[in-house]
Asker: 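Attaching a single structure in structure tokens format; questions to follow.
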Amino acid sequence: MQSSIEAIAASTHDDHGSWPTKQSKILDWLMNDVRDQRFIDNILVELCEKMRAAGIPVARATMHFRTHHPQWLGARILWRTGMKEADIAMFSYGVENTPQFLASPINEIFNGATEVRKNLEICEKAELDYPLYREMHAEGLTDYIAWPIYHTLGKRHIVTFASDAPGGFTERHITFLKDLLPALTMVTEIRLKNVMARTLLRTYVGPHASEKILAGATTRGSGTTVGAAILICDLRDFTTISDMWPRDDVIELLNGYFDAMVEPIEKHGGEILKFMGDGLLAIFPLSDPNACHNLLLAISEAQTGIAALNEENRKHGREVLRYGVGVHVGDVMYGNIGSRTRLDFTVIGPAVNIASRLESLTKEVKRPVLLSKAFVDMAGCQRDMESLGSFPLKGLGEPVDVFAFAAKEKLLQHS
């Protein structure tokens, strides 16, 4: 008689398992041959084409992912028969509360359903209770099925398939599609994590720094010396505003101010390296021969944006925003600085200090934008500038020649 220990040992060595139900070349491809494909949408297109060629009557497929993005709640990837590229749609926060989303099979999956299926062929139109079902019925689709894809820690995403074959999917087809789910889980989670890592890094350190970090620039003290035009700006009287205004109004004000400043900077090739409370630090690398000109364009467009924002503030009885901008040019050390476990990817050096001192000087001279002679000379914009003379700057040995815009500035006046 076999002992209980032997029985346990025997069961431990049972390696038959339960997945996949049936081996297939498509499943082998999905598990072994997509490692060089970075993008989920391309994998979905090729998967669906392979299934059609193998006799699995998939005519429409979608994947729905929730992402950690500051602007988008998630994305939907859609493939239909004949499409060589998938259609990608982004969805804003709040879409989950819209009537369109609530009246959809996708909402059922996000609310806990483990499967949603609808025979679109034999149903009367009145029985097609979701608008999506009616749309697919009108397209000639005959069957629809949706499943959750479970990522780490219970994160739920969704995959759907629809058929155009008479009678819809057979049980053999459904078994085949279910066998894809574990493979799709691994394939999509890896790539979604890669997308999220890149998105989060771009969100918090900017596009250029994020690419350097992803490429391996993570060692403390690592960095390079680069020439750059430097812009530092800071709000005026923000402490008073934050003390007097409701919290949500302060956040809205800051977001509007940063939108007005950041969008022109990034549009013209600048890189935001740091938000410092109510201020920011940006550089325009001199590897671009138009860097100084682009910085001036960014300031000009920011002036227009701030003017529009202040007009809205006046309409709502709020104080207008006042702030200062300091601009300089020179070499900066660009890289990782911090503790052993917490790093900041930023720029440091005397050139950054001069830009910072110029920003502070705007309070004294009552001019909102101050530029160093070094920057003005490199930009070749002397005719558009007014020399304010030389000023000793804190912590610097020699006085610095300072310039301001000669024409009346559209940027917030310091009066």
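Below, all heavy atoms of this structure are taken into account, side chains as well, without hydrogens, waters or symmetry copies. Index from 1, following the sequence.
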Asker: So does Glu85 get a backbone contact from the side chain of Trp79, meaning a donor-acceptor N/O pair under 3.5 Å?
Answerer: no
Asker: Tell me whether Thr188 contacts the main-chain N or O of Leu184 through its side chain, where contact means a donor paired with an acceptor under 3.5 Å.
Answerer: yes
Asker: Is it true that atom NE2 of His151 has more than 12 heavy atoms of other residues, nucleotides or ligands lying nearer than 6.0 Å?
Answerer: yes
Asker: Find out whether Thr362 and Val369 are in side-chain contact, i.e. whether some heavy atom of one side chain is under 4.5 Å from a heavy atom of the other.
Answerer: no
Asker: Side-chain contact test, heavy atoms from C-beta onward, threshold under 4.5 Å: evaluate it for Arg191 versus Val34 and give yes or no.
Answerer: yes
Asker: Taking NZ, NE, NH1 and NH2 as the nitrogens, is one of them in Asp344 or Lys274 under 4.0 Å from a carboxylate oxygen of the other?
Answerer: yes
Asker: Of the non-hydrogen atoms in Lys84 and Val45, which two are nearest, and what is the gap between them?
Answerer: O-CG1, 3.7 Å
Asker: Going by salt bridge (charged side-chain N to carboxylate O under 4.0 Å, His left out), name the residues that satisfy it together with Asp41, two or more places apart in sequence or in a different chain.
Answerer: none
Asker: Let me see the working for Arg76 and Asp87 under side-chain contact (heavy atoms from CB on, under 4.5 Å), right down to the final yes or no.
Answerer: CA-CA 8 Å; Arg76 183 222 59 198; Asp87 178 71; 2.5 Å; yes
Asker: Are the charged groups of Arg236 and Asp234 less than 4.0 angstrom apart, N to O?
Answerer: yes
Asker: For Glu252 and Tyr257, which I'm curious about, is there any donor-acceptor pair between the side chains at under 3.5 Å?
Answerer: no
Asker: Please determine if Arg134 and Asp129 form a salt bridge, counting it only when a charged side-chain N lies under 4.0 Å from a carboxylate O.
Answerer: no
Asker: Which distance, rounded to the nearest 0.5 Å, do you find between the OG of Ser372 and the CD1 of Ile230?
Answerer: 8.5 Å
Asker: What heavy-atom pair brings Gly55 and His173 nearest, and what distance separates the two atoms?
Answerer: O-NE2, 3.8 Å
Asker: Supply the atom-to-atom distance Ile149 CD1 to Ile158 CD1, rounded to the nearest 0.5 angstrom.
Answerer: 8.5 Å
Asker: Check for a donor-acceptor pair, side chain of Asp249 on one end and backbone N or O of Trp245 on the other, with a separation under 3.5 Å.
Answerer: no
Asker: Looking at every non-hydrogen atom in both residues, tell me the closest pair between Gly168 and Glu121 and how far apart they are.
Answerer: N-OE1, 4.3 Å
Asker: In sequence, state the C-alpha distance, the side-chain angles, and the governing distance for Leu180 and Leu177, and then conclude on side-chain contact (heavy atoms from CB on, under 4.5 Å).
Answerer: CA-CA 5 Å; Leu180 294 178; Leu177 293 173; 4.1 Å; yes
Asker: To the nearest 0.5 Å, what is the distance between CZ (Arg198) and CD (Glu211)?
Answerer: 4.5 Å
Asker: Any side-chain to backbone donor/acceptor pair from Glu96 onto Gly94? Under 3.5 Å, distance only.
Answerer: yes
Asker: Between the main-chain N or O of Ala165 and the side-chain N or O of Thr142, is there a donor-acceptor pair closer than 3.5 Å?
Answerer: yes
Asker: Say whether, by atom type as modelled, one donor and one acceptor occur between the side chain of Thr199 and the main chain of Met196 under 3.5 angstrom.
Answerer: no
Asker: Specify the closest pair of heavy atoms between Val187 and Leu30, including all atoms of both residues, with the distance to one decimal.
Answerer: CG2-O, 3.5 Å
Asker: Is there a side-chain hydrogen bond (donor to acceptor under 3.5 Å, both in side chains) between Thr160 and Thr62? Walk through the geometry before answering.
Answerer: CA-CA 5 Å; Thr160 80; Thr62 65; 2.5 Å; yes
Asker: State, with a plain yes or no, whether a side-chain heavy atom of Val376 is found less than 4.5 Å away from one of Met378.
Answerer: no
Asker: For a quick test of reading the model, state the closest non-hydrogen atom pair linking Asp278 to Phe258 and the distance between them.
Answerer: C-CZ, 4.0 Å
Asker: With distance as the sole test, does Ser300 use its side chain to make a donor-acceptor pair with the main-chain N or O of Leu296 at under 3.5 Å?
Answerer: no
Asker: With rounding to the nearest 0.5 angstrom, report the CG to CG distance, Leu141 to Leu132.
Answerer: 9.5 Å
Asker: Side-chain contact, heavy-atom cut-off 4.5 Å: Glu301 with Lys267?
Answerer: yes
Asker: Please test Ser24 against Leu27 for side-chain contact (heavy atoms from CB on, under 4.5 Å), starting from the C-alpha separation and ending with a verdict.
Answerer: CA-CA 5 Å; Ser24 71; Leu27 196 55; 3.2 Å; yes
Asker: For the pair Asp143 and Arg117, find out whether any cationic side-chain nitrogen is under 4.0 Å from an anionic carboxylate oxygen.
Answerer: yes
Asker: As an exercise, state the distance from CD1 of Ile56 to CG of Leu47, rounded to the nearest 0.5 Å.
Answerer: 10.5 Å
Asker: Surrounding CD of Glu171 (heavy atoms of other residues, nucleotides or ligands, distance under 6.0 Å), is the total greater than 12?
Answerer: no
Asker: Could you check whether Glu189 pairs with Lys193 (Lys NZ or Arg NE/NH1/NH2 to Asp/Glu carboxylate O, under 4.0 Å)?
Answerer: yes
Asker: Can you tell if the side chain of Ile348 reaches within under 4.5 Å of the side chain of Val332, non-hydrogen atoms only?
Answerer: no
Asker: Compare all side-chain heavy atoms of Tyr323 with those of Pro368 and state whether any distance is below 4.5 angstrom.
Answerer: no
Asker: For Leu286 and Val329, what are the C-alpha separation, side-chain angles and deciding distance, and is it a side-chain contact (heavy atoms from CB on, under 4.5 Å)?
Answerer: CA-CA 9 Å; Leu286 296 181; Val329 66; 3.8 Å; yes
Asker: Hey, does Lys373 have a side-chain heavy atom less than 4.5 Å from the side chain of Val402?
Answerer: no
Asker: Could you walk me through whether Asn255 and Asp259 pass side-chain hydrogen bond (donor to acceptor under 3.5 Å, both in side chains), step by step?
Answerer: CA-CA 6 Å; Asn255 287 339; Asp259 279 346; over 6 Å; no
Asker: For the rings on His157 and His64, is their centre-to-centre separation under 6.0 Å?
Answerer: no
Asker: May I have the step-by-step check of side-chain hydrogen bond (donor to acceptor under 3.5 Å, both in side chains) for Thr21 and Asp179, ending in yes or no?
Answerer: CA-CA 7 Å; Thr21 304; Asp179 272 348; 3.2 Å; yes
Asker: Within 45 degrees of the axis of the six-membered ring of Phe110 and under 6.0 Å from its centre: does Arg66 put its NZ or CZ there?
Answerer: yes
Asker: Once rounded to the nearest 0.5 Å, what's the spacing between atom CG of Asn194 and atom CZ of Arg38?
Answerer: 8.0 Å
Asker: Does some side-chain heavy atom of Leu358 sit less than 4.5 Å from a side-chain heavy atom of Val327?
Answerer: no
Asker: Is the Tyr144 to Phe161 ring centre distance short of 6.0 Å?
Answerer: no
Asker: Using the side-chain hydrogen bond (donor to acceptor under 3.5 Å, both in side chains) rule, take Tyr130 and Glu108 through it: C-alpha gap first, then chi angles, then the decisive distance, then the call.
Answerer: CA-CA 11 Å; Tyr130 290 139; Glu108 288 192 45; 2.5 Å; yes
Asker: Looking at Ala146 and Ile109, what are the two nearest heavy atoms and their distance?
Answerer: O-CD1, 3.8 Å
Asker: Under 4.0 Å between a Lys/Arg side-chain N and an Asp/Glu carboxylate O for Arg52 and Glu49?
Answerer: no
Asker: Just checking, is any N or O donor in the side chain of Gln23 or Asp28 under 3.5 Å from an acceptor N or O on the other one?
Answerer: no
